[in-house]
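Numbers here are sequence positions counted from 1.
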Amino acid sequence: PTRERRRYDVPGALLATAGSTGVIYGLSLIPAKGWGGLLWAAIGLGLLAGFVVVESRSASPLVPLDIFRQRAVSVANLASLIVPGLVGAAVLLLSLFLQGVQERSVLEAGLAFLPVGLAVMILGPISAAVANRFGPKIVCIGGAALVTAGMLLLSRITPTASYFEYLLPGLVVTGFGFTAFFATSAMCATAGIPEHQQGLAGGLLNTSVQFGTALWIAVMLTIGQSYANKHQAAGAAAQTDGYAWAFTIGGIVGLATAV
């Protein structure tokens, strides 16, 4: 029998790539370029809107939009756009804080994040066991709540903040939360999905995590840098307050996600 030739959704792929790049690039430009950055972000959003239109009309869409009618897929992808991104942004902001404000060495800054890795090692197997017993949704929501708590703990930083008193608690709680969320979000995203759509659901989740991480790094850096630019006379204190404000916003967003 003649095999049907597969079609590739080239317009959809180009629009998705260009749109996501435009949004992140524009957001990262806002502290330095202001309206110029917003213009790039708006162009990116327009391209993503075009992607949705193309997918709704394509005979062989890159992402069949009907998969989002399944609540598990929609909710899991929305949460994965936010929670891992907040964690990634927190790691970057704290790296800048430790090296730029507290003038620690690269080695010291790297070792400061060791508890996050330990949290992943400890809680990973426990999260899977709890999810098998009580269901992944409970663990996933609990993970988002812990990330929220970690962001708020980190928002207490000051230029002279002690690592063990101010940073370590937030890092440990955030590490636990990220592990619980990441270990169960894939279970939530693929629960009840037909077998022929399992690959699509998994791919969408990975895309949400990657795009969300880049997005929230740009957003939280923009928040922190914009605050620091408005209070340049305060020096390191302004930079630290900018990071603290970014962590506060991250905590509020994380709380909304968990709820």
Side-chain angles (χ1 to χ4, degrees), residues 16 19-28 30 41 44-45 48-49 51-52 63 67-68 70-95 116 119-120 123 127 131 136-155 170-191 201-226 242-259:
S20 57
T21 301
V23 169
I24 294 167
Y25 178 65
L27 289 173
S28 67
I30 289 175
L45 288 174
L48 290 177
F51 168 73
V52 173
V63 180
I67 194 172
F68 292 107
Q70 302 182 64
R71 190 170 183 273
V73 174
S74 299
V75 172
N77 276 273
L78 178 60
S80 294
L81 272 172
I82 298 172
V83 176
L86 292 177
V87 177
V91 170
L92 179 58
L93 289 180
L94 284 178
S95 296
V116 178
V120 172
L123 200 64
S127 296
K137 183 177 179 181
I138 301 261
V139 181
C140 199
I141 293 173
L146 285 174
V147 168
T148 297
M151 294 290 112
L152 296 177
L153 285 170
L154 291 172
S155 71
L171 283 171
V172 171
V173 172
T174 300
F176 281 148
F178 174 73
T179 305
F181 179 88
F182 199 75
T184 53
S185 58
M187 298 181 195
C188 293
T190 56
L204 283 173
L205 190 71
N206 272 330
T207 302
S208 295
V209 170
Q210 298 300 324
F211 176 67
T213 299
L215 177 66
W216 282 103
I217 285 175
V219 168
M220 290 181 71
L221 274 177
T222 297
I223 293 171
Q225 196 58 52
S226 296
Y243 295 150
W245 180 235
F247 285 129
T248 301
I249 296 298
I252 293 171
V253 173
L255 178 60
T257 305
V259 171

**Study point:** Backbone N/O of L152 and side chain of S155: donor-acceptor pair under 3.5 Å
**Key:**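 Checked: pair present.
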
Exercise for review: Taking S28 for its side chain and A218 for its backbone only, find out whether a donor-acceptor pair lies under 3.5 Å.
Suggested key: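 Side chain of S28 to backbone of A218: no pair is present.
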
If we only count heavy atoms from C-beta on, is the [X] to [Y] side-chain gap below 4.5 Å?
{"X": "M220", "Y": "F247", "result": "yes"}
{"X": "C188", "Y": "V75", "result": "no"}
{"X": "T213", "Y": "V209", "result": "yes"}
{"X": "I24", "Y": "F211", "result": "yes"}
{"X": "V116", "Y": "V91", "result": "no"}

For [X] versus [Y], what's the shortest heavy-atom pair and its separation?
{"X": "A201", "Y": "T190", "value": "CB-CG2, 4.0 Å"}
{"X": "A180", "Y": "S127", "value": "CA-OG, 3.5 Å"}
{"X": "V73", "Y": "I67", "value": "CB-O, 3.8 Å"}
{"X": "A90", "Y": "L154", "value": "CB-CD1, 4.4 Å"}
{"X": "V172", "Y": "A119", "value": "O-CB, 4.3 Å"}
{"X": "V23", "Y": "L45", "value": "CG2-N, 3.6 Å"}

Please round to the nearest 0.5 Å and tell me the distance separating atom [atom1] of [X] and atom [atom2] of [Y].
{"X": "F181", "Y": "S80", "atom1": "CZ", "atom2": "OG", "result": "4.0 Å"}
{"X": "T174", "Y": "L171", "atom1": "OG1", "atom2": "CG", "result": "6.5 Å"}
{"X": "S185", "Y": "I141", "atom1": "OG", "atom2": "CD1", "result": "12.5 Å"}
{"X": "N77", "Y": "I82", "atom1": "CG", "atom2": "CD1", "result": "11.5 Å"}
{"X": "L93", "Y": "L86", "atom1": "CG", "atom2": "CG", "result": "10.5 Å"}
{"X": "L205", "Y": "F182", "atom1": "CG", "atom2": "CZ", "result": "7.5 Å"}

Exercise for review: Could you name each residue pair satisfying side-chain hydrogen bond (donor to acceptor under 3.5 Å, both in side chains) that touches residues 216-225, not counting sequence neighbours?
Suggested key: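 Every pair satisfying side-chain hydrogen bond (donor to acceptor under 3.5 Å, both in side chains) with a residue in residues 216-225: Q225-N229.
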
